Amino acid sequence: MNVRHEAFCLADPWFFDRRREMSADDLAAVPPSPLWTIEESEHWRYLRPPGAALPEQGWAVEISAAPGNAERVLDRVREYCRTRGLHHRHLRSRSIFLDQNAEYPTTGGTGAIATIYPPDNNALDRILDDLSELLTGEPGPDIDGALRCGECPIHVHYGGFTELWTEYGGARVPALRRPSSALEPEHQGPDFAVPGWVRIPDCVAEYTEAPEPPHPVVEVLRHAHGTAVYLAERGSEQVLVEEAWPYTGLDGNGVDAVARLERKHDLFERLAGIPGIPKTHAYLAGQRHYLVREYRPGVALDAWLTRHYPLTRRDCPESDLAAYRKQALSVLAQVDRIVGEAAERGVVLENPHNILVDSTGTVSLTGFDRDETPLRLRLFLPLAPLYHLVPERLRWAAELTERRFSLPAGYADGIAPHSEPAHTELDEPRPDWTLVRKQISEALLACATPNRLDRLFPGDIEQFRVGGATFGTGAAGVLHSLHVAGVGRFPEHEQWLLDAVEGEQPSRAGFYDGSHGIAYVLEEFGYRKAAVHLLAASRALVDQTVGHDLASGLAGIGLTRLHFAATRGDNEFGRQALNIGIRLAEALDTAEPPGATAQAGLLYGWSGPALLFLRLYERTGEPAWLSFADQALERDLEECVPALDGSLPVRDGNRGSRRGAGIGSAGILIVTEQLARYRLDAKAARSLPALRVACRGEFALHPGLLNGRCGLAAGLAFSSTPDRRTQDAIDRHLTRLSWYAVPFRGGLAFPGTRLLRLSADVATGGAGVLRTLSALQDGTELLPFLGPTPRIAH
């Protein structure tokens, strides 16, 4: 998703959520006539005139507006459509309008406030002429994926008028019908595009020259709604070009992208000449605005921390801590110098966020956003957002930082004043793990919202893309976790899950993000008819799935079918799983080489297919499946690079390395340990020692099972040769769950992605933590298809 998690932090102080509309916030609620047919979806109100008939697809006219003229523009468009009997739609509320014009919308959308559906190209020509007069002088932003027609906020794009769907990449997506009647996915993206078989009408062709950046683009570095950043060529030098669209790309304060870019340009000019402030070359204002400035190599501070922070490595020696302390204090001194020189010019840059560090350790400021957490803490304990959820832990973190890195006495005082720290059961020298698990369960149940239709338990923002019922980030996974941990069954919440899949079929077939994970839980809970119906309903999605992975691809589908074969004694499910296994085995020889972005691990790598191959071996006894498992794990190991501490983390392009379970070493380790039980001489098994070392680091950014510390502990627990160091590392991981624990409604909750908000889900939140503790302490199955977990002493 082209969305930042911060955008989902505006609606609720505790959980990721979309901005939700209020009934008093309605846009144009009165229908144009009682004869019109009115239909409503979550975001749109559709109005169809009497006797109207539309083709399946064609040229649609989209209208944008600015926050200041939205109601006026919509009133004119609605009246025009009423008098001419035109089928149209408009956004239901002003809050949705503002969200869809945000830099990072939480409700999707392109920025249009209304869409008109012309019955043919003659009507299209007439509508464009009429609206250009009707809306003359009205401001409005460009619309993603559409072509602007003149100076007015009028745009066109070719798309579907009625709902047509096809399956693409295992998901159900909007479709267009080719002249041959075959369906193809409709273009989704920021640029205007037309299928090759569509002729562009003359009334549209005259507008097809879109704005271009002032210099040839080398690479798109970032793109959001209304903003973009490019690496470009200016003569013989490379420059950075920042693009902004007027009236859109709104931030949390309603400031549009152009106003922010103008402010940034003004600050760059005021601070010109200060070492660490990039030079500006030009500011160009037109239909879109461009700031051209000096390009400085380097990485953002978060990426620099990922590369250099020493506590992610095992048994970090004092020499490594001292070396890092020197680097970090140098970064801090440079930032303090820039902030001080800026203050002399009347510019306050307290706790700047946009910090760039190059290969020599030289610091630049590339923007002027403020970070709420002191840089003095961020450099040494990168858990910054957590302390907005539990500010009473800030002093504790400051003292830990000063002590662990042997910083000068009083360093903590520059971060936070003395205060009484928050204390949880996890802070005890010997936590009562039964009580801890009870408190986690209480927090999970306390955050349930059975009155909502879109989700039952708050989790990662992924649930707003794939639905709130899924296993990875939705209700199925949380309810299953409560069950396997021995907490119990909750009929009201299970009914919510049944209603959710009955009301709207999942658009994906995968285990963690679609129908198969939900069906697995329904089967486990005894809702066998609903489970098999859900699998049958997703047959077309399965046929279209080509991905190999466990999260959304064939591995998760195959493992689910194999599970159903066992629970039902149904050989047909077993045959389906076998066929999927054969497809994946054949794909091993033709799969694309690893890309720059990390995929290796349990969720998205070849470790998922390897797990299916192992389970097929157990069912059939055919040794070839073990060879396929070994080959699949070797594919994941190709994405690993040896580190100086003897570990084998997964490389992740310029972002450093990954050691977790979902993506990273722990996920590969869990499956390789299981392969080694059957085949000690497997090639992949030679990497076991280094994979184990990768899971022993002292620091992890997240607490979760598939994205953080719990996954590291679980990976070590599967070791076939446990030793004292492994046990100590597991104990350390569990003890340091105290770093993240947040008291919540009498229980203990845990933050999800980037620690910005609490999460209840399996992948990133409290349900995953609960599963980990249950697996390691009781020997229950950590995750479906992994089998019993070796118990640890506690």
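Reckoned from all heavy atoms, side chains included, excluding hydrogens, waters and symmetry mates. Because the structure is a prediction, the values reported are computed rather than measured.
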With sequence neighbours left out, what residues match Y117 under side-chain hydrogen bond (donor to acceptor under 3.5 Å, both in side chains)? R89
If you round to the nearest 0.5 Å, how far is SG of C81 from CZ of R48? 14.5 Å
Checking salt bridge (Lys or Arg N to Asp or Glu O under 4.0 Å) for the pair D99/R18: CA distance, chi angles, key distance, verdict? CA-CA 9 Å; D99 182 85; R18 292 183 290 191; over 6 Å; no
Mind running side chain to side chain contact (heavy atoms under 4.5 Å, CB included) on L456 and V478 for me, showing each step along the way? CA-CA 9 Å; L456 176 58; V478 178; over 6 Å; no
Enclosure of E502 CD (heavy-atom neighbours >12, cutoff 6.0 Å): no
Y46 and W44 aromatic ring geometry - parallel, tilted or perpendicular at 30°/60° bounds: tilted
Can you tell me how far apart SG (C149) and CD1 (I127) are? Round to the nearest 0.5 Å. 11.5 Å
Side-chain H-bond candidate by donor/acceptor type, T764 with D460, under 3.5 Å: no
Evaluate the criterion side chain to side chain contact (heavy atoms under 4.5 Å, CB included) for residue pair E62 and T110; output intermediate values, then yes/no. CA-CA 10 Å; E62 295 192 301; T110 62; 4.1 Å; yes
L562 and its side chain to side chain contact (heavy atoms under 4.5 Å, CB included) partner, picked from L578, L616, I557: L616
Out of the candidates F16, F15, F464, only one should pair with F8 under the ring-ring contact (aromatic ring centres under 6.0 Å, His included) rule; please name it. F464
Solution key, residues 183-194 side-chain donor-acceptor pairs under 3.5 Å, sequence neighbours excluded:
unit_1	atom_1	unit_2	atom_2	d
E184	OE1	R178	NE	2.7
E184	OE1	W197	NE1	3.4
H187	NE2	D191	O	2.8

What pairs with D202 under side-chain hydrogen bond (donor to acceptor under 3.5 Å, both in side chains), at least two apart in sequence or on another chain? none
More than 12 heavy atoms of other groups within 6.0 Å of N451 CG: yes
Would Y104 and E6 count as having a side-chain donor-acceptor pair, cut-off 3.5 Å? no
Test salt bridge (Lys or Arg N to Asp or Glu O under 4.0 Å) applied to R583 and E586, step by step: CA-CA 5 Å; R583 284 179 62 185; E586 293 172 345; over 6 Å; no
When F785, F457, F511 are each screened for ring-ring contact (aromatic ring centres under 6.0 Å, His included) with F471, the one that passes is F511
With R177 via side-chain hydrogen bond (donor to acceptor under 3.5 Å, both in side chains) - residues at least two apart: E56
Minimum heavy-atom separation for L54 to P119, with atom names? CD2-CA, 4.3 Å
Go through the structure and list residues passing side-chain hydrogen bond (donor to acceptor under 3.5 Å, both in side chains) with H87, not counting sequence neighbours. none
Tested for side chain to side chain contact (heavy atoms under 4.5 Å, CB included) against S552, the lone hit among T470, T545, D513, V466 is D513
Listed pairs under 3.5 Å, donor-acceptor, residues 593-613 side chains, sequence neighbours left out:
unit_1	atom_1	unit_2	atom_2	d
T597	OG1	R655	NH2	3.3
S607	OG	D636	OD2	2.7

